[in-house]
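See below for the structure under consideration.
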Amino acid sequence: MEKRFQPELYEQKWQTWWSENGFFVAEAESERPSYCIMIPPPNVTGNLHAGHALQTTIQDLLTRWKRMLGFNTLWLPGTDHAGIATQLMVERQLAAEGIEKAELGREGFVEKAWDWTLQHHGRIRAQLDRLGASCDWTREKFTLDEELSNAVREAFVRLHREGLISRDEYIVNWSPGLQTAISDLEVEMKSVAGKLYHISYPIEGTDERIVVATTRPETMLGDTAVALHPDDDRYLHLHGKSAVLPLVGRKIPFVKDAVVDRDFGTGLVKVTPFHDPTDFEIGRRHDLPGVRVIDSSGRMTDEAGSDFAGLDRAVARKKVVQMLQEQGFLAEIEDYTHNVGHCQRSGVPIEPMVSTQWFLDMNEMAARALDSVRSGRTRLVPDSWDKTWEHWLENIRPWCISRQLWWGHQIPAWYDDKGGIFVAHSRQEAEKLAGTSELTQDTDVLDTWFSSALWPFSTLGWPDQTRDLATFYPTDVLVTGFDIIFFWVARMVMTGLHFMDEEPFQTVHLTGLVRDSEGHKMSKTRGNTVDPLELVDEFGADALRFTFAILDSPGRDIPLDADRMAGYKAFGNKIWNAVRFSLGNTGDSRVQEELDLEKLELPERWILSRLARTAAEVNAKFEIYRFDEACQRLYHFFWGDLCDWYIELCKPAFSGKAPRPLVGEVLLTVIDRSLRLLHPVMPFLTEELWQRLPGREVIHSETITLAPYPQAQPDWIDDEAELNIGRFIQMIGWVRATRADLAVDSKTELELFVSADDDFKVRLTELEPLARPLARLSGFSFELAPESAHQDKVAGLGLGLIIPEVELTDRDLERQAKERDELKAQSTRIQELLSNESFTTKAPEKVVNQNRQRLTELTDRLAQLEAGLGKS
RNA sequence: GGGAGGUUAGCUCAGUGGAAGAGCACCUGCUUUACACGCAGGGGGUCGGGGGUUCAAAUCCCUCACCUCCCACCA
């Protein structure tokens, strides 16, 4: 067996073997309870990033754990067609080949996009495989699969027939960068240093002028009113009159609207219904016409007037300002920093624009989703997200679901030449409805998130009543980043309740963001992104997974630190070597299912007890999604209890100096259970090692992935063994520390004087051969320690060592003096506490006693220390 | 303008009422027959500031400061 753990030698082998043997394939029908996780589908043409690696780790950990617990486990993988992202990639690719998108046409373009998709498809799987993901690839799905597209059409048609989806002319967020409408969620507010232009408008038939302020002077060309607050005495006299729009000459009315803030600017607002969302609402309330002055590419229209038609909106702004100035309408220009909506994906400022789009009314569905979290039927972990959830759903607005793209699900709506609209599952059905075959299909596609919203059931065959759907819906847990809680999570809950009448999952585990080692957000522009596969190359998948799992504290972002990961690779090496040692020293012993506890001596009973407690706690922590605490526990059990103590305690037994019954069996059994406990986090290493354990094949399955997950095992809990070995460990610790403190040469053997109760003396006699190598002792003496010995009281034991005369350095002396001062301070504090009557009467007895005992210990220790100091 | 989270050892973070913790980094010794990706020992923090509740506060309450992030129709 190699001296070192070399993950690159085994990882691929096991992933292939697991896959070929179908260990991860779920049963469509089963006696066993089901457990299901739907993967958040990554972009089909994308690469896995660090955030995916984190989420994959958590999902796989849960899946493997539940699988070992005997559940009929399904982790369903798949990918998303990612409309905008993929279309942009394909466009870029075409541009590089010198092909014009327009001359290719829609059909040609979609064909290219499919080529691109199929070409990249498989990459995601390869990457997930490298991380050890135990997905059921026989059930892999893609959002544009025929089956899923069918679900999309079904959902659209139903929602339309229920009156929730409608086609409407409304003001939308237009992205001039992408040339499509986008949803509110895809708009990102950015603070922009701009100008606030104060423009004066003459009042018709008077010499009076009013002043309005705007950050976008070019939109004034489309003004159709001026708004004032209904209670604003300053301006009430204007109501009924008209302002004359400068440069244009159009007479526009005054309207009273409560949305106006009297304290901002002059308290008067210019109203441009077709180019501002607030103004659009005002326009609707007062039945104002709108004028479209900017077109979809961001250029001024003919309606903007001959001076401006055809100009880019930025150029037009300059020209409007210049002309206003020349004609004496510009009152003031003020520096002004304000928030401007930008297109999240293309980065350009959003152009609010009136256009005809498809909208989904979310009110009803949102109310149910809101109630679902309030009532606890959907649980957000951590629950600090509850308020965010509430706020968003309470203020929900219609979702603009149509996109002016080619890549995606084309909207299942057909038009005849008389303006009739026919929404149907297919062209045939639409033709039947229309009574004509002269129909053209809507050219828009649906927002990618519309199909994602159906993912928990569309992947299981809905709307057909499939066996998978019956078995696995509702799913159990969703693991994803908080950044898509609205984009995706909330919408899945809404559609799940609407179409399935049941929440799509019980629990949503929201992970933090993966940041770089300094806590910065990873971004391509910053250049600090980390490729998880490179980390797998360097440290192995198991170390990467362990690192993510142990860092996943609720509500916390995760700083990805290579040093830390190196530390957990070392943990892998530790495991490797512990097994290597065990296999090399246990002779013919074999892993056992049951152990005759009566026959075992103290160290064996101790490690089994520690193991049982660890198993109980790890299960409990997994149950509440505290992977960090579970891993912490696993780490310390394996390295601390098992390697530092138990294996050391085994050595004298293996060497024949102090044989004990069943040592080999116990060690192998503990290794077996430990590997199984670790398996969900470190699948490759544990399979590689577990396969080598003699005897395990008689008891369990051929693979650790299907072996039972260790449970609490109460009969292994042994308080007496834990107490005694605990005292023993403290005793050894004292000897080691004392030797180091007093600079005793490491080769010098010392005799340890111990005063203890008779029972522990008996125990200690058994343990004597084990204690010798651990602390370089020649042996124990139960005689009274001589006056000259260094003495102390530890864990209720009186301990003494005769230390050969050594010259203590100044540093040693300094340290001793410091310790003495600290002890004195503590002792004083506790004395004060105990002499405080309100403490002794009000504090629980347990706490008071604890302090009494502590004071005795401190006093003893202080006395010993001062005697020692006197001597030196 | 609302809301959430954070401020604990050099770094990154656990710890929600009873003696300050982990990993990494650091210091001092070690070829102790699995592992130097190791072993043993050790240094280092008035738990952001202030106030309050309590016998007792990193932990509960108030307040201030700073840092993140989310939501938002003050033109």
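By convention in this document, chain letters (A, B, ...) are assigned in the order of the sequence lines, proteins followed by strands, and residues within each chain are numbered from 1. Just the heavy atoms: all of them, side chains too, but no hydrogens, waters or symmetry mates, feed the values below.
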key: A:Trp385: partners by ring-ring contact (aromatic ring centres under 6.0 Å, His included), with sequence neighbours left out   = A:Phe482
task = If a protein heavy atom is under 4.0 Å from the base, mark B; if only from the sugar-phosphate, S; if neither, -; do that for nucleotides 68-75 of chain B going 5' to 3'.
result = S--SBBBB
Check: B:rC37 base within 3.5 Å donor-acceptor of A:Lys574 side chain = no
ask   = Is A:Lys387 near enough to B:rG2 that one of its side-chain N or O atoms lies under 4.0 angstrom from OP1 or OP2?
value = no
inquiry  = By the 4.0 Å heavy-atom rule, please label A:Arg626 as base, sugar-phosphate, or nothing.
reply    = sugar-phosphate
query = How many Å lie between CZ on A:Arg736 and P on B:rU28, as a whole number?
reply = 21 Å
task = Can you tell me the distance, in whole Å, between the CG atom of A:Asn585 and the P atom of B:rA34?
result = 7 Å
query = Under 4.0 angstrom, heavy atoms only, what part of the nucleic acid is A:Ala737 near: base, sugar-phosphate, or nothing?
reply = sugar-phosphate
task = Kindly say if A:Arg564 contacts the phosphate of B:rC37, meaning a side-chain N or O under 4.0 Å from OP1 or OP2.
result = no
message = Under 4.0 Å, counting only non-hydrogen atoms across every strand here, what does A:Gln826 touch: a base, just sugar-phosphate, or nothing?
response = nothing
message = Contact between A:Val320 and A:Met220 at the side-chain level, heavy atoms closer than 4.5 Å - yes or no?
response = yes
key: Separation between the P atoms of B:rU54 and B:rC64, rounded to whole Å   = 23 Å
task = Give a yes/no answer on whether the side chain of A:Lys747 brings an N or O atom under 4.0 Å of OP1 or OP2 in B:rU32.
result = no
query = Are OP1 or OP2 of B:rC39 and a side-chain N or O of A:Trp639 less than 4.0 angstrom apart?
reply = yes
Interatomic distance, A:Glu2 CD vs B:rC35 P [rounded to whole Å] = 14 Å
query = CD of A:Gln730 versus P of B:rG41: gap in Å, rounded?
reply = 13 Å
remark   = When A:Ile210, A:Val255, A:Leu245, A:Val260 are each screened for side-chain contact (heavy atoms from CB on, under 4.5 Å) with A:Val226, the one that passes is A:Ile210
ask   = Which of these passes salt bridge (Lys or Arg N to Asp or Glu O under 4.0 Å) with A:Asp257: A:Arg284, A:Arg262, A:Arg285?
value = A:Arg285
request  = Output all residues satisfying ring-ring contact (aromatic ring centres under 6.0 Å, His included) with A:Phe571, sequence neighbours left out; order by chain, then residue number.
outcome  = A:Phe546, A:Tyr635
task = Determine the contact category for A:Arg556: base if any of its heavy atoms lies under 4.0 Å from a base atom, sugar-phosphate if only primed atoms, P, OP1 or OP2 are that close, otherwise nothing.
result = sugar-phosphate
inquiry  = Once hydrogens and angles are ignored, does a donor-acceptor distance under 3.5 Å link the base of B:rA40 to the side chain of A:Glu648?
reply    = no
query = Within the structure shown, what part of the strands sits under 4.0 Å from A:Pro559 by heavy-atom distance: base, sugar-phosphate, or nothing?
reply = sugar-phosphate
Carboxylate-amine/guanidinium contact A:Arg234 A:Asp232, below 4.0 Å = yes
inquiry  = Rounding to an integer number of Å, can you tell me how far A:Trp645 CH2 sits from B:rC35 P?
reply    = 20 Å
query = Hey, does the Lys NZ or Arg CZ of A:Arg739 hover above the aromatic six-ring of A:Trp734, less than 6.0 Å from the centre and inside 45° of the axis?
reply = no
key: Pairing nucleotide - B:rA40, Watson-Crick or G-U, each distance under 3.5 Å   = B:rU28
ask   = Would you say the base of B:rA34 and the side-chain of A:Lys651 have a donor-acceptor pair closer than 3.5 Å?
value = yes
note = When rounded to whole Å, the CZ to P distance for the pair A:Phe581 and B:rA34 reads 5 Å
